[in-house]
Each structure stands twice: as structure tokens, then as C-alpha cells.
Undergrad: 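Below you'll find the structure I mean.
Values reported hereafter were calculated over all heavy atoms of this structure, with side chains retained and with hydrogens, waters and symmetry mates removed. Chain A is the first sequence line, chain B the second, and so forth, proteins listed ahead of strands; every chain is numbered from 1. What you are looking at is a predicted structure, and each value in this text was computed from that prediction instead of being measured.
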Amino acid sequence: MRMSKLFSQTLRDKPSDAEVPSHELLLRAGFIRQLAAGIFSYLPLAKRSLTKIENIMRKEIDAIGGQEVTMPVVHPAQIWKETLRWFQVGSEMARFKDKSGRDMVLAMTHEEVVADLVRREVHSYRQLPMLVYHIQTKWRDDPRPRAGLIRVREFTMKDSYSLDVDEEGLDKQYRAHYQAYFDIFHRCALPVRAVKSDVGMMGGSLAHEFMYLTPVGEDTLMICDNCGYAANRQVARIEKVAGSKEALKPVKKVATPGITTIEGLAEFLDVPEAKTAKAVFMMATITEGEVDVDRLVFAVVRGDTEVNETKLTNAVKAKELRPATDEEIAASGAVAGYASPKGLKDTLIVVDDLIPESPNLVAGANEEGHHLLNVNYERDFHADFVGDLVLAQEGDPCPECKEAMHAERGVEVGNIFKLGTRYSEALGAEFLDKDGSSKPVIMGSYGIGSGRLLASIAEEHHDEHGLIWPITVSPYHVHLLSLKGAEKDGEEAFKKLVEAGLEVLFDDREESPGVKFADADLIGVPIRLTVSKRSLKQGGVEMKRRDREESVVIPSGEIVDAVTAEISALKEEVQALVVEVPYDD
RNA sequence: CGGGGUGUAGCGCAGAUGGAAGCGCGCCGCGUUUGGGACGCGGAGGUCGGCGGUUCAAGUCCGCCCACCCCGACCA
């Protein structure tokens, strides 16, 4: 490709709305342009890299038995109503009507369509296991797109769907994806970590996220360096320390005027925060069948911990959860700041499992300016749900080995879910088993966002001058520059390299050397060749790797061999990253 | 959805007190220059985000709206 004809141009200044390096550099180097919030065009350079990323994904998913298909971007709402997600998913799903007034949706994922295909195509256990996948556009109307391609609304995703007769088969395909995903990311030279995650709107029993660790990420991970435990903070557990065993004391009301915080309460009564109960009021939208019901949730955790809203959402099976307003709290009969789980109306009471383990806590008295001493679960109040509600914090003990964990930020570049039969049951995707009985197909779903992956690679591989693409995903193998006075030699080199089947970006523009070198650094093709009067005087063409300082001069007759050898070396460096990763569930 | 910020040429930005829309880069032409974002001369390019208002006069003041960015809520 001649740069004189390249569709995109580089930008000298940093666009004002780019905050993170991958966003800035992809814009400046001419890979992407933004159309609207979270909606991007991918220009020729990005398209070439994306195609390479997608081909890596194709190869790895094919290798574990995948069959590529293409499923629609527009779905009739009917299949989404059958699985009830039409009612459960909020505003991030785009809904519209076709000209006949039928409800339609824009695809945000494809479990429904897969299950619909399966009910038409799969009839016998003899056809299973199977794996289908596609690489296709998704629309999710994310409330807050940010950081360039890291979090967008329209994106392309490789999503695969496993189909099995039993849990054992699902486990096998799940583990195959686990390793295949590491292989995909490693072949893109992106270091990732698999962590346990929330199943979210997908439902299902087990999920891992593949996280690229970077401060620009928006997920928080809890990581134990000692034993390797790693989990998204949304689901991260901690080793909980029960309160000291002691005899239950009688409840006693004390005046605590003006004290509405745990910190103030602990100080005022001179007790540790762990001897108090913290109350949090949330308003939950819960889907019952096809209707949504709002219910006030009263969550109780020990005073020395915080509520994890994801855990709370899952505990009450809420579609949405938001802080309750003062009016809503008052309507339940509770007194904000002095709330007690005793005697509330129309309220779902949820307590952390540390509460029953912690005797004689200080809790609100439901009376302005008063608290109760020695409140005990079971004896003094009951809950609709008892379970883990605690938000893991930096330094909390690891649930596996009790060592202190630390928090890190990461970008979720892939995820894998064990779905089970939720979708196949809802849509009647059944097969006849050996014994003649009809059973729902057991499904798994597995996704990688290709644009987010591209951005993560850019985030990982750049310096102050620009991008530094791994050879496996670089838009071109070689960036050839010809400087003034060596145009003819540049043309010859370009011709030879292209004829040898190499992917060459040829800077044939009439620009000063400084401009050409700066653009080459910015675009980040891994091998740079320079043909100039100087290089010719030195005996040929200068070759330099983008990630190294030193360069060599190659006789003009040997450039194809030299470049081919360098490409092989670069590929081997990436291949060395592809290793087997122990499965961790 | 809450909080904060920004909208002036393709990009980056300046335009106190209301009084003729500017600068740098980029772009076009001519010439000089050519190993790390060269230089001279001459050009093109603007509904100042939109609508309404105040005023003799609005990029500037007021109101409403829109878009984009950041933080949070949210999110697979």
C-alpha cells in the first residue's frame, strides 16, 4: 500500500477527547475515527489488524471444533420474550418496531438465536457435542462509553456457543475455550489473567473473565499473590472473621443523639466497628414473570464491612438496584440513620452471613437518636435471605489462603459462561437421548470483543512515539520509506517485497525525512526499511525494528530474505508466549 | 440517571470590559530544502453546536435544547 493513497492521515496533535494512550494513538495514527459516543469507524489500518485478530480467533476456535456461521443483527422480539430477557434486560437493548408494528431488537448477544437454530437443527444425541460461532456486530446501549475502543456501544464480537448432552460435555468444551482463549490472547501478545466473575444477565452456573491488567481498565480485580486466587471484585470472596463467641445479652436501648454513621457510633459507644451492624436501603426492581415490581431491600452487613451491590443484586434476584430515597425508607417505617431490621413493612431483609456469627451487635433502634445494644440474629430479627454480601477491599484476607489480597484494575477482553439449560429450555431446544427421552441441550457461551482486544494490544504495546504492533496483528509486516534522491530504489524495493508476498506499507510521499520517520513510529509497523542516498552509499537498505534502537544495512539484493527472516524471528517471539495455562475453577 | 467540564477552520487552541473572526499545524499553488514533524511567497477553508431572547450592535449577556469528554451509578 502506498501511503500517498492511504485513506487515513496521521494527526500531529493529540485529539482533545482522548484520555488513554490506546485511544490517542489509534486516532492519531489514523486507525479509527469516532462517529458518536461509543460508535467508531475502523479505517484501513485498523481493518487489517482486526482481520488478523479475527483470523487468529477463527483458527483457535476451529481447532477446538468450532463451525463458523453468521447470525442476524436484527432479531424478532419474540425469541427474547420466550427467554424472558425482553423483560429482564433494561435500556441497553435497542428495541424498535418493523413496518408492520412487530417488536424487534438489535442483537446484543446471540443465545436466543443459537437456541432457536438448535431447536430446528439438532434432534439427536448423535449430533452432539457441537460448537458454533460467529464474528459479528453487537449493539449494547451502554450508559457510559469511555476510553476510545475500551468501552463502546457498537462492537464486533467473536461469540461461540457450545452444545452438549450433559454437564460433563459442557465442562470439556468450557475448558477447551479456557485454553483456546489464552492461546488467542497470547498470539496477540496480550498478557491476560482469568478470574472468576459474575454471571450477570447471562445466567448460568460458572463464568470466567479474561482480564488484561491495566490502570485504564474499569473492572476491579482482587488478586492473591500467595495462592493465585483471582476474582472480579463483584464476586470476590474474603476470609471472614466471626465475632467472638459470647453469651447473648439482653437488648438495651441507648441514646445516641446525632450519631448516624458507623464510625461515629463506634467512637461514641467505644466499641469496635465489628461490633456494630450497618444498614443499607436499596430499591430493587424485581421481575416476576413478565412484570416488574419495586421492592425496598434492607441489607445488613457488619459495621466493619461494605455492601457489595452485585452480590446483593443476585441475592434478591433484582433486575436493577438503586439507593432508596428518604421517602421510600420512611414509608417502610424505618428511620434513616437509626434503622433496625425489626418491625419493617413490605421490606426484603437481607443479611450478610457474618451477622449470625457475630453476637451482641449495636444496631439502630428505628427511633431518632437511639440505637440498640446486643442485637442478635435469630433471637431479635429474621431475614428473607442470609448469604455473602461483603465487598472485598484492598488488604482483605484471601478466602483460600488468608493472605492479604490486593486490588488491580483490568479490561475484560473475553469471557466464558456455563449457561446450562436456561435458553434451551425456554426455547425448546431439545434432543432425543440414547434412552429415548427428550432433554434440553446444555449450552455454554464464550465471547471476545475484537475492537476491545485491538485497543488492549495498543495499550500494552506502545511508547512515547507511537504504537508498536506485535507482528501477528500488525496491519503490515514492513514499513518502507524512500527518502529524496532514492525514489527509484524505493520503488524497486517495494516491487520486490510485494512480489515476495510480504505486506508492505510504502511511504512514497514527498515529505521530509522527519515526517516519514515520525509517522512510521506512530503507526508502529514492526519492521522499518529506509532507502536513501545515505543507505545506498552504505551499501543498500537500512532495516530497523520498531521495538529496538539499532539498525542494520542490507544489500539491496537481499532485502526479501532479510525481511522474511526478521518476520520469522518476530513470529517466534510471539509464539514463545503461547503456553499451556493450568485450569483454575 | 447524578456531579463536573468542553463546544470558534480538518486537528490543537486564542478571542477582558458586547463594536470588522484570529494563531499554529494540516490542506492547495510556485520556488528553495531533504536522515528525525524544514523554509519563503501566494491561496482556499467558518451557519463561532442549535433555537429563542436582550441590544443600535452578540462568538461574547440571558433562557432552553443538543452533542462530546471526565468521575460516579451502570455494564457481559
Undergrad: What donor-acceptor contacts under 3.5 angstrom involve side-chain atoms of residues 13-20 of chain A, with partners at least two apart or in another chain?
TA:
none

Undergrad: Would you kindly give the CD-to-P distance between A:Glu487 and B:U34, to the nearest whole Å?
TA: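 Between P of B:U34 and CD of A:Glu487: 12 Å.
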
Undergrad: Within the structure shown, what part of the strands sits under 4.0 Å from A:Asn415 by heavy-atom distance: base, sugar-phosphate, or nothing?
TA: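 The answer is base, as A:Asn415 lies within the cut-off (heavy atoms under 4.0 Å) of a base atom.
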
Undergrad: Who is the Watson-Crick or G-U wobble partner of B:A9, with both distances under 3.5 Å?
TA: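 In the structure as shown, B:A9 has no Watson-Crick or wobble partner.
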
Undergrad: Can you tell me the pairing partner of B:G59 across any strand shown, Watson-Crick or G-U wobble, with both distances under 3.5 angstrom?
TA: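 Its partner: none found.
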
Undergrad: Between A:Arg144 (CZ) and B:A73 (P), how many Å, whole number?
TA: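 Rounded to whole Å, this separation is 9 Å.
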
Undergrad: What nucleic acid atoms does A:Phe155 come within less than 4.0 Å of, heavy atoms only: base, sugar-phosphate, or nothing?
TA: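 Since a base atom lies under 4.0 Å of A:Phe155, the category is base.
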
Undergrad: Produce a footprint string for nucleotides 35-50 of chain B: one letter per nucleotide, 5' end first; B if the base is under 4.0 Å from any protein heavy atom, S if only the sugar-phosphate is, - if neither.
TA: BBBS------------

Undergrad: Under 4.0 Å between a Lys/Arg side-chain N and an Asp/Glu carboxylate O for A:Asp388 and A:Lys311?
TA: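 Salt bridge: yes.
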
Undergrad: May I ask which nucleotide in the shown strands pairs with B:G2, Watson-Crick or G-U wobble, both distances under 3.5 Å?
TA: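 Here B:G2 is engaged in a pair, and the nucleotide opposite it is B:C71.
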
Undergrad: With the side chain of A:Glu511 defined as its heavy atoms from C-beta on, choose the nearest nucleotide among B:C68, B:G12, B:C27.
TA: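 Closest nucleotide to the A:Glu511 side chain: B:C27.
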
Undergrad: Does any pair with a residue in residues 482-493 of chain A pass side-chain hydrogen bond (donor to acceptor under 3.5 Å, both in side chains), and if so which ones, sequence neighbours excluded?
TA: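 Residue pairs with at least one partner in residues 482-493 of chain A: A:Arg2-A:Glu491.
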
Undergrad: Quick one: are the ring centres of A:His208 and A:Phe417 less than 6.0 Å apart?
TA: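 No, the ring of A:His208 stays outside the 6.0 Å limit from the ring of A:Phe417, centre to centre.
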
Undergrad: Using OP1 and OP2 only, check whether a side-chain N or O of A:Gln234 sits under 4.0 Å from B:C74.
TA: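 Result: no.
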
Undergrad: Rounding to an integer number of angstrom, what distance separates B:G24 and B:C39 when you compare their P atoms?
TA: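 Going atom to atom, P in each nucleotide, I get 12 Å.
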
Undergrad: Verify whether the ring centers belonging to A:Phe182 and A:Phe210 lie closer than 6.0 Å.
TA: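 For A:Phe182 and A:Phe210, the ring centres are under 6.0 Å apart.
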
Undergrad: Rounded to whole angstrom units, what separation is found between the CD atom of A:Glu24 and the C1' atom of B:C69?
TA: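 Taking atom C1' of B:C69 as the reference, CD of A:Glu24 is at 15 Å.
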
Undergrad: Taking 4.0 Å as the cut-off, does a side-chain nitrogen or oxygen of A:Arg146 come that near to OP1 or OP2 on B:C71?
TA: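 For B:C71, OP1/OP2 do have a side-chain N/O of A:Arg146 under 4.0 Å.
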
Undergrad: Just name whichever nucleotide pairs with B:G37, Watson-Crick or G-U, keeping both distances under 3.5 Å, else none.
TA: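 Per the H-bond distance test, none.
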
Undergrad: Give none if B:U54 has no partner; otherwise give the nucleotide forming a Watson-Crick or G-U wobble pair with it, both distances under 3.5 Å.
TA: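 Looking at the geometry, B:U54 pairs with no nucleotide.
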
Undergrad: Hey, does the side chain of A:Arg33 reach the backbone of A:Leu27 with a donor-acceptor pair shorter than 3.5 angstrom?
TA: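 Answer holds: yes.
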
Undergrad: What integer number of Å spans the C1' atoms of B:G50 and B:C66?
TA: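 7 Å, rounded to whole Å.
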
Undergrad: Answer with base, sugar-phosphate or nothing: what part of the nucleic acid does A:Pro15 contact at a heavy-atom distance below 4.0 Å?
TA: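 If one applies the 4.0 Å heavy-atom cut-off, A:Pro15 turns out to touch the sugar-phosphate alone, with no base involved.
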
Undergrad: With rounding to the closest Å, how many angstrom separate the C1' atoms on B:C48 and B:A9?
TA: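 That atom pair is separated by 10 Å.
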
Undergrad: Could you tell me how far B:G36 sits from B:A73 if I compare only their C1' atoms? Round to whole Å.
TA: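 My reading of the C1' atoms in B:A73 and B:G36 gives 47 Å.
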
Undergrad: Looking only at atom C1', what distance separates B:C70 and B:G37, rounded to whole Å?
TA: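 Rounded to whole Å, the distance is 30 Å.
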
Undergrad: Can you tell me the base-pairing partner of B:C27? Count Watson-Crick or G-U wobble geometry only, both distances below 3.5 Å, and say none if there is no partner.
TA: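 Its partner is B:G43 (Watson-Crick or G-U wobble, both distances under 3.5 Å).
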
Undergrad: Going through the checks in order, is the side-chain hydrogen bond (donor to acceptor under 3.5 Å, both in side chains) test met by A:Asn308 and A:Gln234?
TA: CA-CA 7 Å; A:Asn308 176 323; A:Gln234 294 176 328; over 6 Å; no

Undergrad: Starting at CG of A:Asp219 and ending at P of B:G72, how long is that distance when rounded to a whole Å?
TA: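 Whole-Å distance recorded here is 12 Å.
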
Undergrad: What's the gap between B:G45 and B:G22 when it is taken at their C1' atoms, as a whole Å value?
TA: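 Approximately 14 Å lies between the C1' atom of B:G45 and that of B:G22.
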
Undergrad: Distance check, P atoms only: B:C56 and B:C71, in whole angstrom units.
TA: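 It comes out at 46 Å once rounded to the nearest Å.
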
Undergrad: Contact class for A:Ala36 vs. all strands (heavy atom < 4.0 Å): base, sugar-phosphate, or nothing?
TA: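 Since only primed, P, OP1 and OP2 atoms lie under 4.0 Å of A:Ala36, the category is sugar-phosphate.
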
Undergrad: Mind telling me if B:A16 is syn or anti? Syn here is a glycosidic angle within 90° of 0.
TA: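 Syn, since the glycosidic angle lies within 90° of 0.
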
Undergrad: What I want to find out is whether A:Asp142 reaches A:Arg151 closely enough, with some N-O distance under 4.0 Å, to be called a salt bridge.
TA: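 Salt bridge between A:Asp142 and A:Arg151, a charged N being under 4.0 Å from a carboxylate O: yes.
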
Undergrad: To the nearest angstrom, how far is A:Glu19 atom CD from B:G5 atom P?
TA: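 Rounded to the whole Å, the gap is 15 Å.
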
Undergrad: May I have the distance from A:His23 (atom NE2) to B:C68 (atom P), rounded to whole angstrom?
TA: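 Answer to the nearest Å: 13 Å.
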
Undergrad: Whole angstroms only, please: what is the NZ-C1' distance between A:Lys484 and B:G31?
TA: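 Rounded to whole Å, this separation is 12 Å.
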
Undergrad: Are the charged groups of A:Lys5 and A:Asp508 less than 4.0 angstrom apart, N to O?
TA: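 Looking at A:Lys5 and A:Asp508, the cut-off is not met.
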
Undergrad: Once you apply a heavy-atom cut-off of 4.0 Å, does A:Ala147 come out as touching a base, just sugar-phosphate, or nothing?
TA: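 The residue A:Ala147 makes sugar-phosphate contact but no base contact.
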
Undergrad: Salt bridge check, A:Arg545 against A:Glu566: does any charged N sit closer than 4.0 Å to a carboxylate O?
TA: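 Salt bridge flag = yes for A:Arg545 with A:Glu566.
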
Undergrad: Rounding to an integer number of angstrom, what distance separates B:C62 and B:G18 when you compare their P atoms?
TA: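 Nearest-Å result for B:C62 against B:G18 at atom P: 11 Å.
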
Undergrad: Could you tell me how far apart A:Lys537 (NZ) and B:U34 (C1') are, to the nearest whole angstrom?
TA: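 Roughly 13 Å, once rounded to whole Å.
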
Undergrad: Could you let me know what B:G18 is paired to, Watson-Crick or G-U wobble, both distances under 3.5 Å, or none if it's on its own?
TA: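 Pair assignment: B:G18 / none.
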
Undergrad: A:Ser16 side chain N/O closer than 4.0 Å to the phosphate oxygens (OP1, OP2) of B:C69?
TA: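 So the side chain of A:Ser16 is outside the cut-off, no N or O lying under 4.0 Å from OP1 or OP2 of B:C69.
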
